[in-house]
2 protein chains.
Amino acid sequence: MSKQKEAIIRVLRETSSHPSAEWIYEQVRKDVPNIGLATVYRNLRLLNEAGEVSEIRTSGDGTRFDYNTRTHYHFHCDRCGRILDLDEPIDTTIEARIARRTGLRVTRHHLELGGVCLDCQKLETHTGACV
Amino acid sequence: MSKQKEAIIRVLRETSSHPSAEWIYEQVRKDVPNIGLATVYRNLRLLNEAGEVSEIRTSGDGTRFDYNTRTHYHFHCDRCGRILDLDEPIDTTIEARIARRTGLRVTRHHLELGGVCLDCQKLETHTGACV
DNA sequence: ATTAACAATGATAATCACTATTATGATAGC
DNA sequence: GCTATCATAATAGTGATTATCATTGTTAAT
């Protein structure tokens with residue numbers, strides 16, 4: 001466990017957002033100024049393979065990382081690109097159900113909702129923009 | 001509507017797979033041999049913006065395209081990368097439900113299951129590979 | 001038919017996110 | 001102290017996608 005890896009985990013743990021590798025890099029630089037971007041990518045990949053973080057591939061923006069590896073659902077704002085956690089209850093039967101019906105081996109599932117977040121809706125009202 | 005755009009749509013309509021831009025490019029070249037790769041990308045982007053095709057961003061493999069723009073759910077094989085359509089019934093209430101509960105404006109949702117497809121499972125048996 | 005206006009193309013350069021390479025520095029066992 | 005090991009920093013490289021731009025259709029008016 002290098003100080004770089006530690007710093008990356010600390011950044012991930014202390015944010016409730018779902019940051020990109022680039023953003024994580026910027027934050028970690030405050031702790032470890034001469035860290036390389038490749039180190040961030042490498043450790044994020046290793047952490048993902050070890051199941052300590054999970055990758056989120058969004059529609060439109062790049063790859064994001066999540067310290068919370070338990071299955072949960074996401075909302076993606078098409079305006080600002082932010083990802084929010086939803087507290088929608090997890091469908092615990094769908095993987096087995098589809099596996100039984102189709103024969104596929106199902107090991108994960110993810111639900112993504114999309115639209116406009118509260119902040120971006122407020123912004124519309126203030127500016128009078130019509131969408 | 002150029003003959004290039006037409007050919008791209010034809011390829012998309014005639015395949016049940018969820019092809020990458022590169023694959024579409026290879027197919028369209030049979031019709032329009034000297035089409036440029038950039039033209040394929042440009043038209044795919046335009047078609048997506050016009051809502052005539054939809055982009056699928058997978059975990060691991062690149063962007064895929066789907067001529068079917070009606071909401072439906074996908075299965076992503078983590079071995080071969082193929083995407084299959086599921087005939088799981090669509091949850092028609094979730095968008096409104098979450099919108100009501102959270103205030104978010106919800107305009108779309110997508111469910112992705114992941115695991116190992118039938119072909120890749122067969123392959124395991126034949127080779128005796130242990131996963 | 002000719003021209004003008006304009007949209008779409010093909011070729012290629014550039015960009016972006018990410019990965020491989022390589023030489024270096026820290027750490028631990030001998 | 002010396003060497004093996006491992007993660008690192010720096011940088012070059014890769015692959016997918018996008019921007020640029022001169023050229024080529026395409027259409028409409030003359």
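As the structure is a prediction and not an experimental result, all values here were calculated from the model. Proteins get letters first, then strands, A, B, ... in listed order; numbering begins at 1 in each.
- Scanning for side-chain contact (heavy atoms from CB on, under 4.5 Å) contacts around A:Glu55 gives A:Asn48, A:Arg57, A:Thr63, A:Phe65, with sequence neighbours left out.
- Residue contacts for B:Ser2: at a heavy-atom cut-off of 4.0 Å it reaches the sugar-phosphate backbone alone, with no base atom in range.
- With sequence neighbours excluded, the residues that form a side chain to side chain donor-acceptor pair (under 3.5 Å) with B:Arg97 are A:Glu88, B:Thr93.
- Interatomic distance, CD1 of A:Ile8 versus CD1 of A:Ile35, reported as 4.5 Å (0.5 Å rounding).
- Every salt bridge (charged side-chain N to carboxylate O under 4.0 Å, His left out) that A:Glu49 has, sequence neighbours left out, goes to A:Arg45.
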Tabulate protein N/O versus nucleotide N/O from nucleotides 11-16 of chain C, keeping only pairs under 3.5 Å, one per line.
none

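- Partners of B:His74 according to the side-chain contact (heavy atoms from CB on, under 4.5 Å) rule, which considers only residues two or more places apart in sequence or in another chain, are B:His18, B:Ile56, B:Asp66, B:His72, B:Ile83, B:Asp85, B:His110.
- Rounded to whole angstrom, the span from the CD atom of A:Glu6 across to the P atom of C:dA26 amounts to 17 Å.
- Only at 4.0 angstrom or more do the heavy atoms of residues 11-26 of chain A sit from any atom of DNA chain C, so none qualifies.
- Between A:Asn48 atom CG and C:dT19 atom C1' there is a gap of 15 Å when expressed in whole angstrom units.
- Looking at B:Glu52, its side chain never comes within 3.5 Å of a backbone N or O of B:Tyr67 through a donor-acceptor pair.
- Not counting sequence neighbours, A:Arg42 has no partner by the salt bridge (charged side-chain N to carboxylate O under 4.0 Å, His left out) test.
- In terms of the side-chain contact (heavy atoms from CB on, under 4.5 Å) criterion, residue partners of A:Glu95 (sequence neighbours excluded) are, by chain and number, A:Val106, A:His109, B:Leu113.
- By the side-chain contact (heavy atoms from CB on, under 4.5 Å) test, B:Arg108 pairs with A:Ser59, A:His76, A:Asp78, A:Glu112, sequence neighbours left out.
- Within the structure, ring pair (Phe, Tyr, Trp, His ring centres under 6.0 Å) contacts touching residues 23-43 of chain B (residues at least two apart or in different chains) do not occur.
- Between chain B and DNA chain D, the heavy-atom contact criterion of under 4.0 Å yields a 5' to 3' nucleotide range of D:dA16 to D:dA19.
- The distance from atom CD of A:Gln4 to atom P of C:dT27 is 11 Å, rounded to the nearest whole Å.
- In this structure, B:Arg64 has no side chain to side chain donor-acceptor pair (under 3.5 Å) partners at least two apart in sequence or on a different chain.
- Rounded to whole Å, atom P of C:dT9 lies 16 Å from atom CZ of B:Arg29.
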